[in-house]
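Everything on this sheet refers to the single structure shown next.
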Amino acid sequence: PSCIMFKVKEGDIMKRIFFVILALVLCLQPLSVLAAEGAVTVTVSNAEFCAGSTARLEVSISGNPGYSHMTAEISYDNSCLILTKIEKVNAPSLFTENVEKNRVAAAGFENIQSDGVMFVLYFDVLQQGEHEVTVHLESIGDADGKLFIAKEDIVCEDTQVLLSTNDDV
């Protein structure tokens, strides 16, 4: 008898389980939209780095009414920058990053209430110049089942990462 064997990496199983749980949480919650007093704004820190170094960029949220889950996509010129790591700072407890697909997702049972740094992006800098890094927060919602609509309620501010030509940086 022939049998088929599948090799699954240990990390892949945990990521798949996390995304299944996240999808269930998003699908099972009521789709009421959270009305914020002010706009929720996501920004990426500006910085200067030399080619050959590692750039550390903070992704922050302001106008945060409290959130328990979110998904985001990161875009940039991959001929000049390589995303190597995404580090959780102040985000929900189940935090999954996929640097190959430039995505991050987080979910938890309690709301994160404060403004500030959500996560940090690390890039290898391949080339000097000005390069834009954009974080598009696709969805964000709270533990009560209220959901932001990214196009209407969330302002994602595009930020250029300035890569210095000065070797002293």
Side-chain angles (χ1 to χ4, degrees), residues 7-29 31 33-34 39-47 49 54-112 114-127 131-143 145-161 163:
K7 286 189 174 182
V8 179
K9 295 178 186 173
E10 190 173 310
D12 289 346
I13 292 172
M14 294 306 294
K15 285 181 183 178
R16 288 180 185 184
I17 290 171
F18 170 75
F19 281 112
V20 168
I21 291 170
L22 179 62
L24 288 172
V25 167
L26 292 174
C27 290
L28 295 177
Q29 65 178 318
L31 291 178
V33 176
L34 185 59
V40 175
T41 305
V42 176
T43 56
V44 181
S45 61
N46 269 332
F49 297 90
T54 299
R56 181 183 185 276
L57 304 174
E58 296 179 344
V59 178
S60 300
I61 187 169
S62 62
N64 179 14
Y67 73 98
S68 67
H69 59 273
M70 65 91 181
T71 58
E73 180 179 28
I74 300 116
S75 59
Y76 58 92
D77 182 351
N78 62 6
S79 68
C80 302
L81 302 169
I82 296 176
L83 181 62
T84 59
K85 180 180 173 183
I86 305 171
E87 178 181 75
K88 173 187 166 187
V89 176
N90 189 21
S93 56
L94 295 171
F95 186 84
T96 301
E97 78 283 345
N98 186 331
V99 295
E100 292 84 23
K101 294 190 178 185
N102 305 326
R103 301 189 57 77
V104 62
F109 297 106
E110 295 184 19
N111 289 334
I112 302 294
S114 59
D115 287 351
V117 179
M118 299 180 348
F119 53 92
V120 178
L121 305 172
Y122 292 88
F123 290 93
D124 284 344
V125 179
L126 303 177
Q127 188 177 30
H131 307 293
E132 189 171 83
V133 174
T134 304
V135 175
H136 175 67
L137 197 56
E138 297 170 323
S139 68
I140 188 169
D142 72 9
K146 295 178 183 172
L147 182 68
F148 283 108
I149 305 300
K151 293 179 183 174
E152 298 169 6
D153 299 320
I154 302 169
V155 177
C156 292
E157 295 184 354
D158 298 349
T159 304
Q160 288 188 337
V161 180
L163 305 179

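What you see is a predicted model; the values in this text were computed from it and never measured. Because only heavy atoms are used, hydrogens play no part in the values below, and waters and symmetry mates are left out as well, while side chains stay in.
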- Message: Walk me through whether V59 and V120 qualify under side chain to side chain contact (heavy atoms under 4.5 Å, CB included).
- Response: CA-CA 6 Å; V59 178; V120 178; over 6 Å; no
- Which of parallel (below 30°), tilted (30 to 60°) and perpendicular (above 60°) describes F119 and F95? tilted
- Message: More than 12 heavy atoms of other residues, nucleotides or ligands under 6.0 Å from CD of E110: yes or no?
- Response: no
Give the minimum heavy-atom separation between [X] and [Y], together with the two atoms involved.
X: Y76; Y: V133; result: CB-CG2, 4.2 Å
X: N78; Y: L126; result: O-CD1, 4.3 Å
X: A55; Y: V125; result: CB-CG2, 3.8 Å
X: R103; Y: K101; result: CG-O, 3.1 Å
X: S114; Y: I61; result: O-CG2, 4.3 Å

- Task: Please test I86 against I74 for side chain to side chain contact (heavy atoms under 4.5 Å, CB included), starting from the C-alpha separation and ending with a verdict.
- Result: CA-CA 10 Å; I86 305 171; I74 300 116; 3.9 Å; yes
- Hey, could you give me each pair passing salt bridge (charged side-chain N to carboxylate O under 4.0 Å, His left out) that has a residue in residues 55-66? Not counting sequence neighbours.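 Passing the test, one end in residues 55-66: R56-E58.
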- Task: Please round to the nearest 0.5 Å and tell me the distance separating atom OG1 of T96 and atom NZ of K88.
- Result: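 It is 10.5 Å, given to the nearest 0.5 Å.
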- Item | N102 (side chain) donor-acceptor with S75 (main chain) under 3.5 angstrom |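 Checked: no pair found.
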- Task: Would you mind reporting whether T84 and I82 have side-chain heavy atoms less than 4.5 Å apart?
- Result: yes
- Evaluation steps, side-chain hydrogen bond (donor to acceptor under 3.5 Å, both in side chains), between S139 and T71: CA-CA 5 Å; S139 68; T71 58; 2.9 Å; yes
- Query: Does the side chain to side chain contact (heavy atoms under 4.5 Å, CB included) test come out yes or no for D124 and T54, once each step is laid out?
  - Reply: CA-CA 5 Å; D124 284 344; T54 299; 3.6 Å; yes
